[in-house]
Amino acid sequence: MPKMKTKSSAKKRFSITATGKIKRKHAYKSHILTKKEKKRKRNLGYYTIVDKSNLKNVKECLALK
């Protein structure tokens, strides 16, 4: 059986921390920023951890176990 390939789009969007968690960026930070509050834009800039409900799908895309 051949190895499963990593999805290139997932490879660019997610990264793995030293403890094995998967990091992602927030959405809604690319355009139409004039109507968003400064605090909201600042908080959207930070990374966050992938939620437990999406973890299985993300791991499949990254070809992890």
Side-chain angles (χ1 to χ4, degrees):
M1 196 68 193
K3 288 184 180 177
M4 210 170 112
K5 285 190 176 180
T6 299
K7 301 275 191 286
S8 292
S9 58
K11 188 169 49 177
K12 294 166 191 170
R13 286 172 173 80
F14 301 104
S15 60
I16 302 166
T17 64
T19 57
K21 294 176 183 173
I22 300 174
K23 275 193 319 188
R24 69 170 178 86
K25 289 205 72 162
H26 285 279
Y28 310 113
K29 183 74 170 47
S30 57
H31 60 95
I32 314 175
L33 299 172
T34 52
K35 63 176 83 170
K36 293 171 187 156
E37 295 294 325
K38 195 180 284 189
K39 180 181 177 181
R40 181 174 165 198
K41 289 189 283 189
R42 182 172 60 245
N43 288 328
L44 287 173
Y46 300 131
Y47 281 89
T48 188
I49 302 298
V50 172
D51 192 63
K52 187 176 67 173
S53 59
N54 299 319
L55 199 57
K56 184 182 173 192
N57 290 332
V58 173
K59 282 186 174 182
E60 281 179 11
C61 290
L62 293 172
L64 300 173
K65 292 179 183 175

#### Entry: Connected hydrophobic set around Tyr46, excluding itself, where side chains approach under 4.5 Å
none
### Flag, side chain of Arg40 to backbone of Lys36, donor-acceptor distance under 3.5 Å
no
### Message
Nearest 0.5 Å, please: how far is NZ in Lys25 from OG in Ser15?
### Response
10.5 Å
### Query
Any side-chain heavy-atom pair from Lys41 and Lys29 closer than 4.5 angstrom?
yes
### Message
Are there over 12 heavy-atom neighbours, none belonging to Arg42, within less than 6.0 Å of that residue's CZ?
### Response
yes
#### Entry: Co-members of the apolar cluster containing Ile16 [side chain, <4.5 Å]
Phe14, Ile22, Val50, Leu55, Val58, Leu62, Leu64
### Query
About how many Å separate NZ of Lys23 and OH of Tyr47, when rounded to the nearest 0.5 Å?
6.0 Å
### Message
With a sphere of 6.0 Å drawn around CZ of Arg24, does it hold more than 12 non-hydrogen atoms of other residues, nucleotides or ligands?
### Response
yes
### Query
How far apart are the closest heavy atoms of Ala63 and Met4, and which atoms are they?
CB-O, 3.6 Å
## Note on the structure
Grouping ILVMFWY residues whenever side-chain heavy atoms fall under 4.5 Å, the cluster of Leu44 otherwise contains Tyr28
### Query
When rounded to the nearest 0.5 angstrom, what is the spacing between SG in Cys61 and NZ in Lys11?
12.5 Å
